[in-house]
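Working notes, structure below.
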2 protein chains.
Amino acid sequence: MTGIEEVAQAAGVSTATVSRALRGLPNVSTATRERVMREAERLGYVASPSASSLASGRTRTVGLLTPWVNRWFFANVIDGVERTLRSLGYDVLLYTFDVAGGAPRRRVDPAVLRRRVDGILVVGLPLDDDEVASLAALDHPLVFVGSGPAGHVTVRLDDDETGALATQHLIDLGHRVVGHITGVPDRVSSWSPPIGREAGYRMALADAGLEVDDSLVVNGDFDVEGGRSSVKELVRRRPDVTAIVASSDEMAMGAVLGARDQGWDVPGDLSIVGIDGHELGELVGLTTIAQDPYQQGADASLLLLDMLGGQRAPEVVTYPTELVARTSAGPPRPGEGPA
Amino acid sequence: MTGIEEVAQAAGVSTATVSRALRGLPNVSTATRERVMREAERLGYVASPSASSLASGRTRTVGLLTPWVNRWFFANVIDGVERTLRSLGYDVLLYTFDVAGGAPRRRVDPAVLRRRVDGILVVGLPLDDDEVASLAALDHPLVFVGSGPAGHVTVRLDDDETGALATQHLIDLGHRVVGHITGVPDRVSSWSPPIGREAGYRMALADAGLEVDDSLVVNGDFDVEGGRSSVKELVRRRPDVTAIVASSDEMAMGAVLGARDQGWDVPGDLSIVGIDGHELGELVGLTTIAQDPYQQGADASLLLLDMLGGQRAPEVVTYPTELVARTSAGPPRPGEGPA
DNA sequence: CTGTTAGCGCCTTCAA
DNA sequence: TTGAAGGCGCTAACAG
């Protein structure tokens, strides 16, 4: 339990000087700084985070708010965030929020975050306006990853474009009845990724003069099981569907399983396109629109640190996206669907 | 920025009483407690974690040390840990450590953890004896998940048995030359899961009177790409191999891809069994030995909390494991391999 | 059951 | 460039 006092004595200086020397502040002579660092090292001294937070008002901790930690996109964003922030001396505190289908999730409580973190990263968590306002009122840097409300720093894809790209790929292959598996139907926010992707899907269909109808859109809960069951529901409603755009690869892979469950061949009977670039998509030759969540997490962290340093960050950083054409999407069978 | 003082004034009591009332300590009249809680609520008061940690010596934070956050097993353990601890009022601080093939990873530094966390969870991170000793010297409750050194509380599978079970399944199907894809070759610790699984694999072969040889064992780095490339290496070395046990499903799925890359049919030319129970294994009909990492994380958290409460925890909690037979493992082709 | 009084360990003026 | 001193906001004895 060596404290700053012991280091000060060992180095023959005051605690104030130890504090300055160890934190790299100016106005410490090189000789003194080196001596202090040597003694601190020798004694195994590390400042108590609580004490230094209390005194300085800074925690060197970032809060990461997210609905899931074990889904592909989220796990990779978190990985990027953690490694980036840790390498720069920041801790990452995880806060998960259930956004399961039924019950409304726990609300984001700004009071808990107030003196616990220096900055906040909201990863793929749709918030209502009050929640956003209350977080912003904390007056900590705030960065959204995946999607975010207008007026706040956000690192994201162009979801509309991504949804349109996936859909256009199917249209180009000759599909005329294209369904869509979206994520959790979110009623609290107007800016979650599945909303933009669905908009892109609808836009692409409309531009091509094809049918756009609610009967073609089902919810897949953003997971494998959801994708699997939703495809059955979709096919029940619309037996004429020949292709599907899923809002995530996990749902797309679930859709492949669901198609098989009812004896449909992919892509023979049903073409499927996902969005993400999941490593395991190759197992079923999944055609997808790939993104890089690790990089988004890393960059969002850097942006947050810039803001912590008083700099202004660009409001929106849009990430590139790339079509990876494999085998889960092909031309429709001739004679299938309406002529 | 309402502090305890304001709540005390509003409720007409001292700060000590506010502190007691809000933390549910005894010796506060019901009426007083309610009044305090009401005022705290009204004023949006939440105690400053730094201040209360500094004063009490407790942080209500658990450090989670892990090599990866985006691999299946780890992501699910973390999920279980986070949700369990959060629901009980504890924060989770993430610490990742690269254990990539080449360079030695950053060492675990106990000094950093000392006054930052109340307890430590080591998830699937093999440590050398010095690191274990230095963590133990912190005198915080310490729980290992996945595997751990003798003498410390560990939540895990019976890896030997699991490896043997997977291998026995292939032997029962008639295979005589069975290869193994293990995880990162770890030279710092003697107790990581792949080590136990490999031991089980060797034991099962030996018990059946079959060949056990280093040429049959390759490293797959515990990820999809590693599994994919290692299977090619294995087949190059041992063209007579007809089946493989992989130490994780991710490597097993990679192995499926690798087999396909060289035109081998699974299970026609090569049977593959994994260990984990990954949701996406079904995409390729992966036969596997399933475990439940979410539950392991949740239970390890509870154990840690018990220890924090002064209770003694059982040294080892072993989790059940279950063979999920699908289609990636079948009988060898007649005439294939040595008679 | 409640209030008073010291710190917890560090950072940050301010003065030297 | 350095030191002295006063908090940061809360908890933990101890009294009452």
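This structure is a prediction, so every number in the text was calculated from the model and none was measured. Values below: every heavy atom of this structure, side chains too, minus hydrogens, waters and symmetry copies. Each chain gets a letter, A, B and so on, in the order its sequence line appears, and its residues count up from 1.
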Between S50(A) and T30(B), just flag the one whose closest nucleotide in DNA chain C comes earlier from the 5' side.
-> T30(B)

Run the salt-bridge test on E39(B) and R42(B) with the 4.0 Å N-O cut-off and return the result as yes or no.
-> yes

Considering only dC1(C), dC8(C), dC10(C), which nucleotide approaches the side chain of A55(A) most closely?
-> dC10(C)

Short side-chain N/O contact to dT2(D) OP1/OP2 from S29(A), under 4.0 Å = yes

Nucleotide of dT2(C), dG9(D), dC11(C) approaching S52(A) most closely (side-chain heavy atoms) = dC11(C)

Atom-pair distance (CG on D118(B); P on dT11(D)), nearest Å = 14 Å

Are OP1 or OP2 of dC10(D) and a side-chain N or O of T15(B) less than 4.0 angstrom apart?
-> no

Does a nitrogen or oxygen in the side chain of R58(B) sit under 4.0 Å from OP1 or OP2 of dA12(D)?
-> yes

Rounded distance [0.5 Å steps], CG in L64(A) versus CD1 in I78(A) | 5.5 Å

In whole angstroms, the gap separating P of dC8(C) from CZ of R115(B) amounts to 12 Å

Grab the two heavy atoms, one from V117(B) and one from G63(B), that are nearest each other, plus how far apart they are.
-> CG1-N, 3.5 Å

Classify the nucleic acid contact of R20(B) as base, sugar-phosphate or nothing, counting any heavy atom under 4.0 Å across all strands shown.
-> base

Rounded to whole Å, CD of E5(B) lies from P of dT11(D) at a distance of 13 Å

Does R106(B) come within less than 4.0 Å of D98(B), counting only side-chain N to carboxylate O?
-> no

Give the nucleotide from the list dT2(D), dA12(D), dC10(C) with an atom nearest to the side chain of S56(B).
-> dA12(D)

For the side chain of A16(A), starting at C-beta, report the closest nucleotide among dT2(D), dG9(C), dA4(D).
-> dA4(D)

Report the nucleotide, chosen from dG9(D), dG3(D), dG3(C), that has the shortest atom-to-atom distance to any side-chain atom of L54(B).
-> dG9(D)

For V123(B) and F74(B), the nearest pair of non-hydrogen atoms, with its separation, is O-CE2, 3.5 Å

Could you tell me whether T32(B) contacts a base, only the sugar-phosphate backbone, or nothing, with contacts defined as non-hydrogen atoms closer than 4.0 Å?
-> sugar-phosphate

Whole angstrom value for the distance that separates P of dA4(D) from CD1 of I4(A) = 14 Å

For the side chain of S19(A), counting heavy atoms from C-beta on, which of dC8(D), dC1(C), dT12(C) is nearest?
-> dT12(C)

Return the value, rounded to whole Å, for the distance between atom CZ of R35(B) and atom C1' of dT2(C).
-> 11 Å

Between dA12(D) (C1') and L25(B) (CG): distance, integer Å | 10 Å

Quick note, A51(B) side chain, CB onward, closest among dT11(D), dG3(D), dG9(D) is dG9(D)

May I have the distance from R116(A) (atom CZ) to dG9(D) (atom C1'), rounded to whole angstrom?
-> 14 Å

Report the distance from atom CG of N27(A) to atom C1' of dC14(C), rounded to the nearest whole Å.
-> 14 Å

Is the phosphate of dT12(C), meaning OP1 or OP2, less than 4.0 Å from a side-chain N or O of R23(A)?
-> yes

Of the candidates dG9(C), dC10(D), dG3(C), the side chain of S48(B) sits closest to dC10(D)

Would you say R71(B)'s side chain and F222(B)'s backbone share a donor-acceptor pair under 3.5 angstrom?
-> yes

